[in-house]
Asks: 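Handing you a structure now.
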Amino acid sequence: MIQLKSPREIEVMAAGGRILGATHRHIQSAIAPGISTGELDAMVEAFIRGQGAVPSFKGLYGFPASACISINDEIVHGIPSPTRILRAGDIVTVDIGVHHGGFHTDSAWTYAVDAIPPETQRLLDVTERSLHAGIAAATLGNHIGDIGHAVEEVVVRAGYTVVRDLVGHGVGTSMHEEPQVPNHGKPKRGPKLQAGMTIAIEPMVNVGGAATKTLADKWTIVTLDGALSAHFEHTIAITADGPRILTTLG
Ligand code: MG
Ligand code: MG
């Protein structure tokens, strides 16, 4: 069942989302060659708790850390570690959830580590653009399929592929609620969008093929062909005035 949120509940989620956006800003300046993903995770946890909120992912389904941190061909769910060191030219996705006032918000961003090649920057730009195309399609009268259709159109036109094994989702008192929000779809298909729906839209875009595999750690999901992948995610509310981004990066 899709849980609709009241305007008051959406304001609570927006407050959590501001903490989440500020967390991204906080770690962005630390992303540089030589830092470990374990150090970044510790920064994420300390910052969120310092705001009086709780990192949603810690312990969720047994996940051992506060942020999912995924490097290069890793798509999602990378486990932070003191021995995973960022190098110049890497791209690193930091996916963070915040639990605040009884509600979760969810936002991921792929960052460049120092200078990256222009073709890698293009992957980041296209993925971010596909997220915003998906958000723009999240209007009353549209359906979930319109969002995925808008995302995929941007990605395919750029010559990349969208991951189909993983999807966006409703978000609220639980981190993962109905409906699923795929990054592909057909216009006017799927659940109809209603005011008060809060969803995480999160395109995962691959330079190569769309196929994925899960590593032996049972968490990290990588591209099967080893090519680069990027991931941008916002939690949004669907309102009569249009889509509202709740996890703005400030
Ligand atoms: Mg996320
Ligand atoms: Mg998500």
Side-chain angles (χ1 to χ4, degrees), residues 2-3 5 13-14 16-28 37 40-41 44-45 47-48 53-71 74-80 91-100 103-111 124 127-128 130-132 134-135 138 144 147-148 151 162-185 191 197-205 212 214 219-222 229-238 243-249:
I2 294 172
Q3 304 279 348
K5 282 77 178 181
M13 290 183 68
R18 279 192 289 275
I19 295 171
L20 179 34
T23 310
H24 271 292
R25 281 285 168 261
H26 176 65
I27 57 152
Q28 184 175 24
T37 59
L40 286 175
D41 179 66
V44 165
E45 177 164 13
F47 188 87
I48 292 172
V54 172
S56 300
F57 295 160
K58 192 138 197 185
L60 183 68
Y61 313 121
F63 190 74
S66 294
C68 298
I69 306 184
S70 310
I71 301 173
E74 298 171 354
I75 304 167
V76 288
H77 304 165
I79 301 173
I91 55 173
V92 59
T93 300
V94 184
D95 191 353
I96 305 171
V98 162
H99 193 220
H100 166 80
F103 289 86
H104 296 276
T105 47
D106 188 9
S107 176
W109 220 252
T110 301
Y111 297 95
L124 304 194
T127 308
E128 184 175 359
S130 76
L131 168 62
H132 286 285
I135 292 171
I144 287 292
I147 297 172
V151 167
V162 294
V163 173
R164 290 175 175 238
D165 303 347
L166 298 152
V167 295
H169 50 93
V171 54
T173 54
S174 299
M175 173 51 83
H176 296 114
E177 298 183 347
E178 290 182 37
Q180 293 198 346
V181 185
N183 295 302
H184 60 93
M197 283 174 68
T198 48
I199 57 174
I201 302 177
E202 50 177 314
M204 289 148 270
V205 174
T212 70
T214 305
W219 279 106
T220 313
I221 299 178
V222 300
S229 185
H231 180 202
F232 286 75
E233 174 182 37
H234 272 311
T235 297
I236 70 156
I238 289 155
R244 176 180 173 190
I245 298 175
L246 301 177
T247 45
T248 155
L249 268 58

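In this text the structure is predicted, and so the values were computed from the model without any measurement. Atoms within each ligand, like the ligands themselves, are counted from 1 in listed order.
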Asks: Only counting residues at least two apart or in another chain, list the ones meeting side-chain hydrogen bond (donor to acceptor under 3.5 Å, both in side chains) with Lys5.
Replies: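 Lys5: side-chain hydrogen bond (donor to acceptor under 3.5 Å, both in side chains) contacts with Glu177, Thr198.
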Asks: Below the 2.8 Å mark, what number of protein N, O or S atoms do you get around the Mg ion (ligand 1)?
Replies: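 The number of such protein atoms is 4.
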Asks: Just wondering, is there an N, O or S atom on His176 that's nearer than 2.8 Å to the Mg ion (ligand 2)?
Replies: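 Here the distance criterion (N, O or S atom, under 2.8 Å) is not met by His176, so no.
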Asks: With a 4.5 Å limit on heavy-atom distance, are the side chains of Gln3 and Thr173 in contact?
Replies: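 Sidechains of Thr173 and Gln3: no contact.
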Asks: Which residues pass the ring pair (Phe, Tyr, Trp, His ring centres under 6.0 Å) test with His169, not counting sequence neighbours?
Replies: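 For His169, the residues satisfying ring pair (Phe, Tyr, Trp, His ring centres under 6.0 Å) (neighbours in sequence not counted) are His176.
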Asks: Any luck finding a side-chain donor-acceptor pair between His231 and Thr93 under 3.5 Å?
Replies: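 His231 vs Thr93: no donor-acceptor pair found between side chains.
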Asks: Identify, with sequence neighbours excluded, every residue that meets side-chain hydrogen bond (donor to acceptor under 3.5 Å, both in side chains) alongside Thr127.
Replies: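 Expected list: none.
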Asks: Would a 4.5 Å heavy-atom cut-off, applied to side chains only, mark Pro55 and Ile96 as touching?
Replies: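 A side-chain contact under 4.5 Å is absent here.
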